**Student:** 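Starting off with a structure, shown below.
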2 protein chains.
Amino acid sequence: MDTTQRTDQQRSADRRRRELLEAADRVVLRDGPQASMNAIAAEAGITKPILYRHFGDKGGLYAALAKRHTDALLDSLRAALDAPAERRERVEATLDTYLAAIEARPQVYRFLMHPAEGGTAAEQGFDVGKHSAPLLRRMGEELAQVIEDRLDLGPESQQLARVWGHGIVGMMHAAGDWWLGERPCSRAELVRCLADLLWGRLAAAGDRVGGPGF
Amino acid sequence: MDTTQRTDQQRSADRRRRELLEAADRVVLRDGPQASMNAIAAEAGITKPILYRHFGDKGGLYAALAKRHTDALLDSLRAALDAPAERRERVEATLDTYLAAIEARPQVYRFLMHPAEGGTAAEQGFDVGKHSAPLLRRMGEELAQVIEDRLDLGPESQQLARVWGHGIVGMMHAAGDWWLGERPCSRAELVRCLADLLWGRLAAAGDRVGGPGF
DNA sequence: GACTGGTGTTACCGCTAGTAACACGTATGT
DNA sequence: ACATACGTGTTACTAGCGGTAACACCAGTC
């Protein structure tokens with residue numbers, strides 16, 4: 001059991017794992033989030049127990065799969081968030097990056113937003129509400145960190161930043177989801193509307209004639 | 001087949017349907033969104049085929065169940081939205097109403113946010129992204145209508161209102177979900193933070209020393 | 001009394017996630 | 001050279017799911 005052999009094995013296992021993940025990716029892209037383990041195994045040219053040896057259970061495979069895409073998307077978002085430009089431009093660029101991603105690959109995005117599922121009887125924690133997709137949480141935390149690092153929000157800075165991070169991400173997600181289903185306008189228009197909302201146009205708008213206003 | 005008898009039968013069927021829905025409610029509240037049809041039938045004291053005769057399939061039962069809670073929650077939200085007060089107060093009241101609801105019954109809320117699932121091979125439309133929970137969509141449309149009715153937003157009023165409706169609902173949902181899982185602050189504080197976000201504090205905040213600002 | 005319609009059952013189908021048990025190749029220790 | 005251990009792969013299975021077909025019972029009606 002010398003070191004070189006162990007690394008060899010590990011390398012082989014890692015390569016195998018990547019191949020399996022790519023096969024799973026193709027199936028999920030084709031069949032949606034409810035792709036079966038049988039289908040994934042068949043696509044990879046092997047049988048189920050191998051998948052289970054590599055990933056434990058379906059949740060493990062899905063987590064590994066989600067991590068790849070989540071990391072990639074988060075990298076794009078960070079890039080847009082870090083670009084050298086005015087705050088408004090940067091916010092719009094980030095929104096546009098996210099919307100472009102979900103527009104380009106709706107199946108992947110749909111998969112990422114899907115909660116864990118826990119088929120038979122595992123991982124059930126009903127008493128709390130933490131069912132949201134990991135991607136949303138990670139994006140929220142990431143954005144919160146950026147906000148807290150860069151904005152001066154007074155004494156309650158941290159709390160405000162975290163609430164805003166998750167809130168803005170949720171706004172982006174829900175609006176994007178609705179937009180993807182109905183396509184009521186162009187992406188650029190959607191970006192502008194959302195940025196306007198974040199820029200306080202809701203509070204600044206005048207009441208409509210005849211009513212007390214929202 | 002005279003009218004009175006048909007009404008009698010219909011009444012009986014309706015009562016039965018309500019009983020079944022209440023049983024399903026109890027099971028979902030106990031087991032979460034993945035409650036099985038067997039469990040629900042057992043809770044109602046009957047067997048599966050009866051459930052299927054009443055609701056068609058699992059999606060039908062879940063849709064009926066969701067409609068009850070969704071209608072109830074939307075009524076509460078409408079009440080908060082229509083209260084006689086300033087705009088900011090009303091926004092805060094609406095946010096608080098939603099958060100209080102999900103805080104009081106997280107399982108129900110979790111169930112409502114769950115997408116349709118389509119067990120075996122039904123209702124699969126992967127090419128579009130319309131997987132979101134009906135509750136989110138309905139709340140978004142409802143809020144959009146209120147915004148459009150009451151605010152003067154210029155020529156692009158309708159589009160802005162719809163984007164904002166879905167965006168604000170998504171913000172509320174994501175922030176509420178995160179808050180419910182981590183409980184980082186009181187409900188009132190969360191409400192204030194979110195209202196501040198909607199009131200443009202993000203755009204108004206100053207840059208932190210040493211960086212160009214978000 | 002035969003007939004019809006609603007309510008209920010049992011027993012099944014095909015599918016899923018997940019696993020146990022077995023077979024093959026290969027490198028190693030004695 | 002041979003036995004041993006190990007990783008890789010298979011087949012065949014379990015338990016449970018959503019959903020359904022076929023049958024039983026019990027009312028009211030012609």
Side-chain angles (χ1 to χ4, degrees), chain A residues 1-20 23-24 27-28 31-65 114-124, chain B residues 1-20 23-24 27-28 31-65 114-124:
Chain A
M1 210 253 277
D2 58 316
T3 339
T4 68
Q5 185 186 353
R6 203 174 125 261
T7 14
D8 267 15
Q9 283 176 188
Q10 204 155 358
R11 274 190 187 183
S12 165
D14 279 9
R15 220 184 43 207
R16 203 74 170 124
R17 188 186 165 92
R18 266 203 305 275
E19 291 173 10
L20 298 185
V27 176
V28 166
D31 295 352
Q34 68 266 52
S36 80
M37 295 297 266
N38 254 325
I40 294 173
E43 171 71 29
I46 47 134
T47 50
K48 272 194 301 177
I50 303 183
L51 277 184
Y52 284 95
R53 284 221 263 265
H54 272 270
F55 301 102
D57 61 350
K58 189 173 186 174
L61 200 171
Y62 274 33
L65 207 51
H114 218 66
E117 289 276 334
T120 50
E123 59 147 325
Q124 309 186 359
Chain B
M1 208 252 275
D2 58 316
T3 339
T4 66
Q5 185 186 351
R6 204 175 122 260
T7 14
D8 266 15
Q9 282 177 189
Q10 205 154 356
R11 275 191 187 180
S12 165
D14 279 9
R15 217 184 44 206
R16 203 72 168 127
R17 188 186 164 92
R18 268 203 303 276
E19 291 173 11
L20 297 185
V27 177
V28 166
D31 294 354
Q34 68 266 50
S36 81
M37 295 297 266
N38 255 325
I40 293 173
E43 170 72 30
I46 48 139
T47 49
K48 272 195 297 177
I50 303 183
L51 277 183
Y52 284 96
R53 281 219 262 267
H54 272 270
F55 300 102
D57 61 350
K58 189 175 186 173
L61 199 171
Y62 274 32
L65 206 52
H114 217 66
E117 288 278 334
T120 50
E123 60 144 327
Q124 309 185 359

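Bear in mind that the values here come from a model prediction, so they are computed numbers and not experimental data. Below, chains carry the letters A, B, ... as their sequence lines are ordered, and counting in each starts from 1.
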**Student:** D:dG19 C1' sits how many Å from B:Leu61 CG, rounded?
**Tutor:** 13 Å
**Student:** Between the axis at one end of the helix from C:dG1-D:dC30 to C:dT30-D:dA1 and the axis at the other (five pairs apiece), what's the angle to 10 degrees?
**Tutor:** 30°
**Student:** Between P on D:dA15 and CE on A:Met37, what's the gap in Å once rounded to a whole number?
**Tutor:** 20 Å
**Student:** Taking side chain to side chain donor-acceptor pair (under 3.5 Å) as the cut-off, I'd like each qualifying pair that reaches into residues 35-50 of chain A, sequence neighbours left out, listed once.
**Tutor:** A:Arg26-A:Glu43, A:Arg30-A:Glu43
**Student:** Return the minimal non-hydrogen interatomic distance between B:Tyr52 and B:Met37, and the atom names on each side.
**Tutor:** OH-CG, 3.5 Å
**Student:** Closest approach to the side chain of B:Asp57, judged atom by atom: which nucleotide of D:dG9, D:dG19, C:dA17 is it?
**Tutor:**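 For the B:Asp57 side chain, the nearest candidate turns out to be D:dG19.
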**Student:** For B:Leu20, run the side chain to side chain contact (heavy atoms under 4.5 Å, CB included) check against B:Ile40, B:Ile46, B:Leu61 and tell me which one passes.
**Tutor:** B:Ile46
**Student:** Could you state the NE2-P distance from A:His54 to D:dT8, rounded to the nearest angstrom?
**Tutor:**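 Atom-to-atom, A:His54 to D:dT8, this comes out as 6 Å.
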**Student:** Enumerate the residues from residues 42-52 of chain B whose closest heavy atom to DNA chain C is under 4.0 Å, giving them by residue number; use none for an empty result.
**Tutor:** B:Ile46, B:Thr47, B:Pro49, B:Ile50
**Student:** Grab the CD-P distance between A:Gln34 and D:dC17 for me, whole Å please.
**Tutor:** 19 Å
**Student:** Can you check the A:Ile40 CD1 to C:dA17 C1' distance for me, whole Å?
**Tutor:**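 It is 12 Å, rounded to the nearest whole Å.
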**Student:** Mind calculating the distance between NZ (A:Lys58) and C1' (D:dC17) to the nearest angstrom?
**Tutor:**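 Taking NZ of A:Lys58 and C1' of D:dC17, I get 13 Å after rounding.
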**Student:** Please state how far atom CG in A:Asn38 lies from atom C1' in C:dC15, giving the value in whole angstrom units.
**Tutor:** 9 Å
**Student:** How close do A:Tyr62 and A:Gln34 get, heavy atom to heavy atom, and via which atoms?
**Tutor:**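 Smallest interatomic distance, heavy atoms only, reads OH-C, 4.3 Å.
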**Student:** Distance criterion of 3.5 Å, no angle test: do you see the side chain of B:Arg53 paired donor-to-acceptor with the base of C:dG8?
**Tutor:** yes
**Student:** Distance check needed: D:dT8 C1' versus A:Leu20 CG, whole Å only.
**Tutor:** 12 Å
**Student:** Does B:Ala64 have any side-chain contact (heavy atoms from CB on, under 4.5 Å) partners at least two apart in sequence or in another chain, and if so, which?
**Tutor:**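 Only B:Arg17, B:Leu21, B:Phe55 meet the side-chain contact (heavy atoms from CB on, under 4.5 Å) criterion with B:Ala64.
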**Student:** What's the spacing between B:Glu19 CD and B:Arg16 CZ if we round to 0.5 Å?
**Tutor:**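 Between atom CD of B:Glu19 and atom CZ of B:Arg16 there are 5.5 Å.
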